[in-house]
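Working notes for the structure below.
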Amino acid sequence: MNYKIIRFQEHGDPRGQLVALEENKEIPFKIKRVYFMYDTLKDVVRGHHAHKSLEQILFCVHGSCKIHLDDGTETAEVMLDKPYEGLYIANNLWREMYDFSEDAVLLVLASELYDESDYIRDYDDFLKFIGKKK
Ligand code: TYD
């Protein structure tokens with residue numbers, strides 16, 4: 001499945017920690033959009049979609065949450081709970097975000113501007129789009 005957890009370099013010193021992210025260096029695409037989610041209510045599941053071409057890297061910069069990924073054949077569950085770990089998600093992967101801690105801040109770097117026509121919001125349509133269902 002086309003995802004990976006990337007451990008980014010922490011620039012730590014006695015004052016604390018810092019992580020720097022630069023497009024086409026630490027981040028394998030041009031960053032066109034950044035968004036973040038916070039104050040997510042307990043038991044909420046977000047996402048429920050795939051993207052036709054968008055690539056993203058998700059960071060839980062505070063707190064924790066889990067990500068469910070599905071490529072139509074396999075599934076994976078990833079826990080994000082370290083601010084220096086990013087989850088790269090390629091296009092054509094169904095994703096759901098859940099188990100947000102009360103203090104969770106989920107930061108997303110995206111390779112494209114917001115475009116509703118890039119979303120596949122129905123799971124059966126997703127399976128058809130990737131050729132796993134007729
Ligand atoms: P939504 O797609 O429901 O979030 P998720 O699937 O990740 O849970 O987005 C929530 C709202 O925010 C929706 O009205 C669209 C809007 N939105 C933007 O305007 N720009 C963006 O970059 C994103 C990700 C969402």
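If you take CD1 on I31 and CD1 on I57, they are separated by 7.5 Å, rounding to the nearest 0.5 Å. Taken from CG in L106 to OG in S101, the straight-line distance is 10.5 Å, to the nearest 0.5 Å. For the atom pair CD (E102) and NE2 (H62), the distance works out to 12.0 Å, reported to the nearest 0.5 Å. Here CZ of R33 is found 10.5 Å from CG of L109. Values are rounded to the nearest 0.5 Å. Summarising the geometry, atom NZ belonging to K4 is positioned 13.0 Å from atom CD1 belonging to I89; distances are rounded to the nearest 0.5 Å. The OG1 atom of T75 lies 10.5 Å from the CD atom of E96; values are rounded to the nearest 0.5 Å.
Residues M37 and I67 are members of one and the same hydrophobic cluster, defined by side-chain heavy-atom contacts under 4.5 angstrom among Ile, Leu, Val, Met, Phe, Trp and Tyr. Transitive grouping of hydrophobic side chains (ILVMFWY, heavy atoms separated by less than 4.5 Å) brings V34 and V105 into a common cluster. At a threshold of 4.5 Å between side-chain heavy atoms, the hydrophobic network of Ile, Leu, Val, Met, Phe, Trp and Tyr places L87 and V108 in one connected group. Criterion: ILVMFWY side-chain heavy atoms under 4.5 Å apart, direct or through other members. Under it, Y38 and Y98 are not part of a common hydrophobic cluster. There is no path of hydrophobic side-chain contacts, each under 4.5 Å, that joins I6 to L80.
F59 has its ring centre less than 6.0 Å from the ring centre of F8.
A donor atom on one side chain and an acceptor atom on the other are found under 3.5 Å apart for D118 and S53.
Scanning both residues, M1 and E74, for their nearest heavy atoms gives CE-O, 3.2 Å. Heavy atoms only, all atoms of each residue included: S64 and A104 are closest at O-CB, 3.5 Å. Taking each heavy atom of D70 and Y123 in turn, the nearest pair found is OD2-OH, 2.7 Å.
Taking the charged nitrogens against the carboxylate oxygens, K52 and E112 have no contact shorter than 4.0 Å, which rules out a salt bridge.
Here the side chains of Q17 and E10 are in contact, with some heavy-atom distance below 4.5 Å.
Checked against Q56 for a side-chain hydrogen bond (donor to acceptor under 3.5 Å, both in side chains), the options Y88, Y3, Y35 give a single hit: Y35.
The aromatic rings of Y114 and Y119 stand perpendicular to each other, their planes meeting at an angle above 60°, with 30° marking the opposite boundary. Ring geometry for H49 against H51 counts as perpendicular: the plane angle is over 60°, on a 0 to 90° scale with 30° as the lower cut.
S111 contributes a side-chain N or O that, together with a main-chain N or O of E55, makes up a donor-acceptor pair within less than 3.5 Å. Judged purely by atom type and a 3.5 angstrom limit, R46 has no side-chain atom pairing as donor or acceptor with the backbone of V44.
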